[in-house]
Amino acid sequence: MSHASTTPVLVIHGGSGVIKRNLDHARENQVRAALARALQSGYAQLKAGKPALDGITAALTVLEDDPNFNAGRGAVFTHDGRNELDAAIMDGSTLRAGAVAGVERVKNPILLARAVMEKSQHVMLIGQGAEAFAKEAGISLVDPSYFRTEQRWQQLQKALKEDREGKPHSDIETAKHFGTVGAVALDARGHLAAGTSTGGMTDKRWGRVGDSPIIGAGTYANADCAVSGTGWGEFYLRTVAAHAICMRVSLMHVPLERAAAEVINQEIPSMGGNGGAIALDARGNIAMPFNTDGMYRGWIGGDGVAHVAIYDDERGAPTGADESDTAPFQPSP
């Protein structure tokens with residue numbers, strides 16, 4: 001595709017596993033507004049001719065800063081009462097990638113992941129080493145108390161009580177390890193990128209790291225396809241889910257929607273896992289499969305309108321529109 005023929009597209013998610021009865025009207029409105037802000041922030045970069053990476057980081061920093069999402073400020077707590085953050089980003093046009101895991105003082109982990117990609121010779125840094133690099137790279141560090149929210153703290157207390165009583169976790173987000181933010185973008189040059197950021201899973205132990213910062217598992221992009229996943233990370237790791245979707249598209253020439261559904265709605269559930277993903281190809285086609293009640297998601301393309309949705313029966317109304325009167329957005333190639 002030539003530069004002039006490519007319409008930029010941005011797709012985001014804020015985690016799967018949404019249960020209708022657990023989301024009150026006020027919080028639902030907050031989530032929808034945050035998704036719209038993230039889309040508008042990221043798409044402004046793409047409309048200005050900036051690379052897909054800029055659209056990704058602009059969108060994800062909005063979600064990392066919003067306490068409604070399990071990333072950045074709204075991250076869940078570990079078994080020991082800490083917030084350990086993971087993130088990854090990948091440039092599909094060059095296959096460059098950067099990732100961080102187990103950081104506790106980095107305000108926006110997605111920015112640090114990008115710095116690892118662009119300012120170091122490595123792909124992945126962890127823990128204190130990653131934070132030392134952040135300091136050198138000029139990435140904002142904060143006191144760990146910045147990430148604490150009462151909702152996430154109470155989630156941990158409930159999980160710890162269930163641990164002591166030998167009971168399974170009753171909260172679906174804790175039991176199934178949902179909660180991540182992610183973005184995939186196509187820029188005006190026809191280049192793709194993907195990024196993902198997460199606080200992991202409530203009550204996680206022993207420095208557990210999920211799929212989000214692992215290139216190929218929760219995050220992947222090449223010249224043909226970009227994917228960010230959200231769900232039970234152990235299964236995305238075992239299936240190398242993001243890479244598996246893109247290889248179907250790139251090598252087997254499977255249509256994007258089918259490729260994503262085969263991995264997310266067939267392969268992962270057949271092993272006992274669940275979750276969702278967002279995927280985007282070089283022609284601007286979008287796929288957003290998930291096998292839960294809902295997934296926070298949104299997209300924006302040539303019409304410049306932020307479309308957001310949460311539940312599985314939503315088609316994705318533009319922000320402020322009547323859902324019942326709105327057809328699904330179809331990006332132009």
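- Nearest heavy-atom pair across A221 and L95 is O-CD2, 3.5 Å.
- Side-chain N/O atoms of T180 and H13 include no donor and acceptor closer than 3.5 Å.
- Within the model, atoms CZ of F290 and OG1 of T230 stand 11.0 Å from one another, a figure rounded to the nearest 0.5 Å.
- Summarising the geometry of R152 relative to G74, their closest heavy-atom pair is NE-O, 2.7 Å, with the distance given to 0.1 Å.
- You'll find the side chain of R96 stays beyond 4.5 Å of the side chain of M90, heavy atoms only.
- Both the sub-6.0 Å distance and the 45° axial angle are satisfied by R73 relative to the ring of Y146.
- At a cut-off of 3.5 Å, with distance as the only test, no side-chain donor of D80 or T78 sits close to an acceptor on the other residue.
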- Task: Could you please spell out the steps behind the salt bridge (charged side-chain N to carboxylate O under 4.0 Å, His left out) verdict for E314 and R297?
- Result: CA-CA 10 Å; E314 286 187 83; R297 60 202 187 275; 5.4 Å; no
- Task: Would you sort out whether Q151 and Q155 count as a side-chain hydrogen bond (donor to acceptor under 3.5 Å, both in side chains), showing the intermediate values?
- Result: CA-CA 6 Å; Q151 177 196 2; Q155 273 183 316; 5.1 Å; no
- Query: Can you list the steps and then say if N83 with V76 is a side-chain contact (heavy atoms from CB on, under 4.5 Å)?
  - Reply: CA-CA 6 Å; N83 304 106; V76 298; 5.9 Å; no
- Item | side-chain hydrogen bond (donor to acceptor under 3.5 Å, both in side chains) assessment of T6 paired with D187 | CA-CA 7 Å; T6 304; D187 65 27; over 6 Å; no
- E267/R238 under salt bridge (charged side-chain N to carboxylate O under 4.0 Å, His left out): CA gap, chis, key distance, verdict: CA-CA 10 Å; E267 187 172 356; R238 290 162 60 188; over 6 Å; no
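- To the nearest 0.5 Å, atoms CG (D281) and CD1 (I245) are separated by 12.0 Å.
- Nearest heavy-atom pair across C225 and L256 is SG-CD1, 4.1 Å.
- Counting only heavy atoms from C-beta outward, the side chains of L192 and V184 never approach each other to under 4.5 Å.
- In terms of heavy-atom proximity, P213 sits nearest to A101 at CG-CB, 4.4 Å.
- Taking the six-membered ring where the residue is Trp, H307 and W299 present parallel rings, their angle staying beneath 30° rather than reaching 60°.
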- Item | Worked verdict on R27 versus N68 for side-chain hydrogen bond (donor to acceptor under 3.5 Å, both in side chains) | CA-CA 8 Å; R27 187 173 178 217; N68 285 295; 3.2 Å; yes
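- Y311 and E28 share a donor-acceptor pair across their side chains, judged by distance under 3.5 Å alone.
- Checked by atom type, the side-chain pair T196/S212 shows no donor-acceptor distance below 3.5 Å.
- Atoms NZ and CG, from K107 and L112 in turn, are 13.5 Å apart once rounded to the nearest 0.5 Å.
- Note: I215 CD1 to H243 NE2 = 11.0 Å, rounded to the nearest 0.5 Å.
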- Message: Quick one, E118 with R114, criterion salt bridge (charged side-chain N to carboxylate O under 4.0 Å, His left out). Give me CA distance, side-chain angles, the key distance, then yes/no.
- Response: CA-CA 6 Å; E118 295 179 336; R114 184 170 179 179; 3.0 Å; yes
